[in-house]
Amino acid sequence: MAGKPSSAQQRIRNIGVIAHIDAGKTTVSERFLFYTGVIHRMGEVHDGQAVMDWMPQEQERGITITAAVTVLPWRKHELHLIDTPGHVDFTAEVERSLRVLDGAVVVFCAVGGVEPQSETVWHQADKYGVPRLAFVNKMDRLGADFEGCIEQIRKRLGARPLPIQLPMGEGENFAGLVDLLRMQALTWHGDDLGATFEANPVPAAWAEEAALAREALVEMVADEDDAVAELFLEGKPVEEEPLREAIRRLCIANKVVPVLCGSALRNKGVQPLLDAVVDLLPSPLDLPPVQGVDPRTGESVTLERRTDQPFSGVAFKVQLWEGRKHVYLRVYSGSLGANDTLYNVSKKEDEKIARLLKLHADKKERIQRAVAGDIVGVVGLKVATTGDTLATRAHPVLFGEMHFMQPVISIAVEPKGSGDQDKLTSVLAKMVEEDPTFTVRNDPETGQTLLSGMGELHLDIICDRLAREFNLPVTVGKPQVVYRETLSRAASVHEQFERSFEEAAQGKTMYAGVHLRAEPLARGAGILFVDRRTPAEGASQPPAAWIEEIELAVREAAGSGPSTGYPMVDLQVELLGLEWRDGVTDSVAMHIATASAFRKLCVEAGTSPLLPIMALEVVVPEEFTGSVIGDLNSRGGKVDELEKRGNRSAVRAKVPISRMFGYSTDLRSLTEGRGTFTMSFHRFDTV
């Protein structure tokens, strides 16, 4: 085992369990709870009894919808665990969890291997540099393929998988596993729900394969680690402890991904996975200092992840519980108490803590203090939203923002109860605060309330919550596609605004003139604003606040395109010139002139609608491949790749979402109910 850490912080592990839907994440989390003694009865996802799936919608559907937090004890360590959703509609939960985690356990199905959402969550972890363990689950299922799964991790994820275990059999022959570090065979007892297991010498039937796997393990570690390389080149045996320490260094540096295996549902392989979390994933002190920016000076700030540093933290999730706002907070440095006042650096406001909470799924325990490395719940923060940085006024620091996918589908809703419109508006505003991938707007033509989200399931859950949690049943219209707009070509406009307000302001006149040019950009570029003025030498300069106001006006005007009413994207606006008069020009006049100029630019250049294009993967028996590809072509899809997986085919394509409503029913008809698919947002584009 690894040596004992020297401080409480070194005994903290902030980890998440992430995977494709149905790979077994929540079952793994449930076993974690049981074997660490947090619960005394295992709940099963398929029975709606899993502790981490506490929402009624999760229990009824057998899926995880919201990221749940809990704390587990294991070998005198404190594991802060986040169980995340696997369904693509709730990928924001994974994104904001990975933003604050120090390590992750990525669960793969031994049969399905690397599935589409596996890739999504893996690349999300790549973005934040999160060290990972891989757990190949469901080794007891027919068709389980440990080596095939490792090869897919290598090829499809571009990772360096490092198997530190070897399964003894696959499918119905799965009997246990070989620990390649200790060279022991581990087998579990069935009569105590896997609570105890035996470690014995490797059976003769597996001895040769295990010896080869151990040698390959040592060689791979020696390629990256000097200490093991020295032993290897000298022909000395590499003992368990130095090998484990080397693997830990490589894992934390994201050079390798240790791979373990088991069957969580059959209670095999979970305790060694918990050991690997403690032995191989980092504590907060093992990671580099956190980097931020001082908002007062714009200079970079470095904070050690220690309790003796100034307080800093990130609000990574907002949730309504019993009508009260709860903020999930990751503490990066320093400490905070239950009645402290914090400074919300993102919103530039002070916030008062009313209560600090240790979280266990939907249960809460009041605590008096939290320190660097902790993940806690906070009650009392009024303005904090997802991604906000919290610090102190004396030592402000601003961490990087979180970025989320944009909604791609809308529904129109109206309350069933008369007089409930104001209540619906209020509740939806709170739900928008909870979920950064959910938006609400009013259609000015129909007066309807339009809800936009990541998919039909996402919006279905929101409507269900409105009825259950807030007693606000709604009538729902048919799903609609969410569009974006962009400019069709380049154009320039010179606009002047001049108006007198004689009655209201004793003859005050407002004046401003702007010269703007705009052009379309490549897909995914967003909106760029560039000041290209070339003022004459010695000429007076306008206040900087005016330029800021002009950019603000551009971005506000781009929030509603002239053709669809949806936001405009992928364009660059250049400020070529300004006109002003002393005493009658101010920021308001500049704002009005700019907004008017931008609207005229859109008319001059013309606009084009952009449709959500989805990345689709369909897995079908080989005999149906041709029918599925033909159907996708008829929907305006473009097939990117065809991969053979045993006697099945995986078809990857890009398709416009407008042609994909009801696809699950059509696919069942095409494949006699044997095809499955997953779909995620790719980008907005022309069809």
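As the structure is a computational prediction, the values presented were derived from the model and not from experiment. Excluded from the calculations below are hydrogen atoms, water molecules and symmetry mates; all remaining heavy atoms, backbone and side chain alike, are included.
Arg96 and Thr386 form a side-chain donor-acceptor contact under 3.5 Å, judged by distance and modelled atom types alone. With no hydrogens or angles considered, a side-chain donor-acceptor pair links Glu95 and Gln124 at under 3.5 Å. His80 and Glu78 share a side-chain donor-acceptor pair at under 3.5 Å. With hydrogens and angles left out, the side-chain atoms of Glu198 and Trp188 include no donor and acceptor closer than 3.5 Å. Using a 3.5 Å distance cut-off with no hydrogens or angles, the side chains of Ser333 and Ser312 do pair a donor with an acceptor.
A donor-acceptor contact shorter than 3.5 Å is absent between the side chain of Gln271 and the backbone of Tyr35. Side chain of Arg13 to backbone of Gln10: a donor-acceptor contact under 3.5 angstrom is found. The closest donor-acceptor contact from the side chain of Arg355 to the backbone of Gly380 lies at 3.5 Å or more, if one exists at all. The backbone N or O of Arg324 sits less than 3.5 Å from a side-chain atom of His326, completing a donor-acceptor pair. No side-chain donor-acceptor contact under 3.5 Å links Asp145 to the backbone of Val111. Proximity of a side-chain donor or acceptor of Asp225 to a complementary backbone N or O of Ala222 within less than 3.5 Å is not detected. Not a single donor-acceptor pair under 3.5 Å links the side chain of Arg330 to the backbone N or O of Ala315. Checking side-chain atoms of Arg305 against main-chain N and O of Leu285 turns up no donor-acceptor pair under 3.5 Å. Panel note: side chain Asp179, backbone Gln184; no donor-acceptor pair is recorded below 3.5 Å. In terms of modelled atom types and a separation under 3.5 Å, the side chain of Glu304 and the main chain of Pro288 share no donor-acceptor contact.
Atom CG of Asn344 and atom CG of Leu381 lie 8.0 Å apart (nearest 0.5 Å). Rounding to the nearest 0.5 Å places CZ of Arg249 at 9.5 Å from CD1 of Ile252. Annotation: the span from Ser263 atom OG to Asn137 atom CG amounts to 6.0 Å, rounded to 0.5 Å. In this structure, Asp102 CG and Asp286 CG are separated by 9.0 Å, a value rounded to the nearest 0.5 Å. In this structure, CZ on Arg182 lies 11.5 Å from CG on Leu180, to the nearest 0.5 angstrom. With rounding to the nearest 0.5 angstrom, the CG atom of Asn14 is 10.0 Å from the CG atom of Leu81.
Residues Val221 and Val238 are not in side-chain contact: their nearest non-hydrogen atoms beyond the backbone lie 4.5 Å or more apart. Looking at heavy atoms from C-beta onward, Lys358 lies out of side-chain contact with Val376 at the 4.5 angstrom threshold. Leu274 places none of its side-chain heavy atoms less than 4.5 Å from the side chain of Val278. No side-chain heavy atom of Leu186 sits under 4.5 Å from any side-chain heavy atom of Lys268. Contact annotation: the side chain of Phe197 never approaches that of Thr187 to less than 4.5 Å [non-hydrogen atoms, C-beta and beyond]. Inter-residue side-chain proximity for Thr36 and Leu79 is flagged as unmet; no heavy-atom pair is nearer than 4.5 Å. Annotation: side chain of Trp122 is in contact with side chain of Arg132 (closest heavy-atom distance under 4.5 Å). Contact annotation: the side chain of Leu357 never approaches that of Glu365 to less than 4.5 Å [non-hydrogen atoms, C-beta and beyond].
Counting only residues at least two apart or in different chains, salt bridge (charged side-chain N to carboxylate O under 4.0 Å, His left out) contacts with residues 367-391 comprise Lys347-Asp388. Contacts classified as salt bridge (charged side-chain N to carboxylate O under 4.0 Å, His left out) and involving residues 113-122 (residues at least two apart or in different chains) are given here: Glu119-Arg156.
Contact detail for Asn339 and Ala354: the closest heavy-atom pair is OD1-O, 4.2 Å. The shortest heavy-atom contact between Val397 and Gly292 is CG2-CA, 3.8 Å. Taking each heavy atom of Ser29 and Val17 in turn, the nearest pair found is OG-CG2, 3.7 Å. Residues Thr392 and Tyr343 come closest through the heavy atom pair C-CB, 3.8 Å. Ala185 and Pro201 make their closest contact through CB-O, 3.9 Å (heavy atoms, listed as atom of the first residue, atom of the second, distance). When every heavy atom of Leu98 is checked against every heavy atom of Ala125, the shortest pair comes out as CD1-N, 3.6 Å.
Partners of Lys317 by salt bridge (charged side-chain N to carboxylate O under 4.0 Å, His left out), not counting sequence neighbours, listed by chain and number: Glu93. Every residue two or more places apart in sequence or in another chain that forms a side chain to side chain contact (heavy atoms under 4.5 Å, CB included) with Thr437 is listed here: Ala92, Phe404, Asp435, Met454, His458. When the ring-ring contact (aromatic ring centres under 6.0 Å, His included) test is applied to Phe135, no partner is found at least two apart in sequence or on another chain.
The pair Asp279-Arg248 does not meet the salt-bridge criterion, since no charged nitrogen lies less than 4.0 angstrom from a carboxylate oxygen. Between Lys430 and Glu434, none of the side-chain N atoms (NZ, or NE/NH1/NH2) sits under 4.0 Å from a carboxylate O, so this pair counts as no salt bridge. A salt bridge does not link Lys352 to Asp340: none of the charged side-chain nitrogens sits closer than 4.0 Å to a carboxylate oxygen.
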TODO: Report the C-alpha separation of Val314 and Leu329 in whole Å, then their side-chain angles, then the decisive distance to 0.1 Å, and conclude whether the side chain to side chain contact (heavy atoms under 4.5 Å, CB included) test is met.
DONE: CA-CA 6 Å; Val314 167; Leu329 178 67; 5.6 Å; no
Task: Trace of the side chain to side chain contact (heavy atoms under 4.5 Å, CB included) decision for Val257 with Leu133 - done: CA-CA 6 Å; Val257 179; Leu133 302 176; 5.8 Å; no
- [ ] Start with the C-alpha gap between Tyr332 and Phe399, add the side-chain angles, then the distance that decides, and say whether ring pair (Phe, Tyr, Trp, His ring centres under 6.0 Å) holds.
- [x] CA-CA 11 Å; Tyr332 279 112; Phe399 298 134; 5.6 Å; yes
TODO: Before giving the answer on side chain to side chain contact (heavy atoms under 4.5 Å, CB included), spell out for Leu359 and Thr70 the whole-Å C-alpha distance, their side-chain angles and the decisive distance to 0.1 Å.
DONE: CA-CA 5 Å; Leu359 303 170; Thr70 191; over 6 Å; no
Task: Test salt bridge (charged side-chain N to carboxylate O under 4.0 Å, His left out) applied to Arg75 and Asp275, step by step - done: CA-CA 8 Å; Arg75 283 175 38 200; Asp275 284 339; 3.2 Å; yes
Open item on the list: Go through it in stages, so that I can follow the logic: the residues are Val345 and Leu390, the test is side chain to side chain contact (heavy atoms under 4.5 Å, CB included), and I'd like the CA-CA distance, side-chain angles, deciding distance and then a yes or no.
Closed with: CA-CA 6 Å; Val345 187; Leu390 298 166; over 6 Å; no
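Using cut-offs of 30° and 60° for the angle between ring planes, the Tyr328 and Phe316 rings count as perpendicular.
Taking a 6.0 Å sphere around CD of Gln291, one finds it holds more than 12 heavy atoms contributed by other residues, nucleotides or ligands. Counted within 6.0 Å of NZ on Lys325, heavy atoms from surrounding residues, nucleotides or ligands total more than 12; the atom is thus considered enclosed.
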Sequence neighbours left out, cut at 3.5 Å: what donor-acceptor pairs do the side chains of residues 159-178 make with other protein atoms?
from   : atom 1 : to     : atom 2 : distance (Å)
Arg160 : NH1    : Glu224 : OE2    : 2.4
Gln165 : OE1    : Cys261 : N      : 2.9
Glu170 : OE2    : Phe146 : N      : 3.0

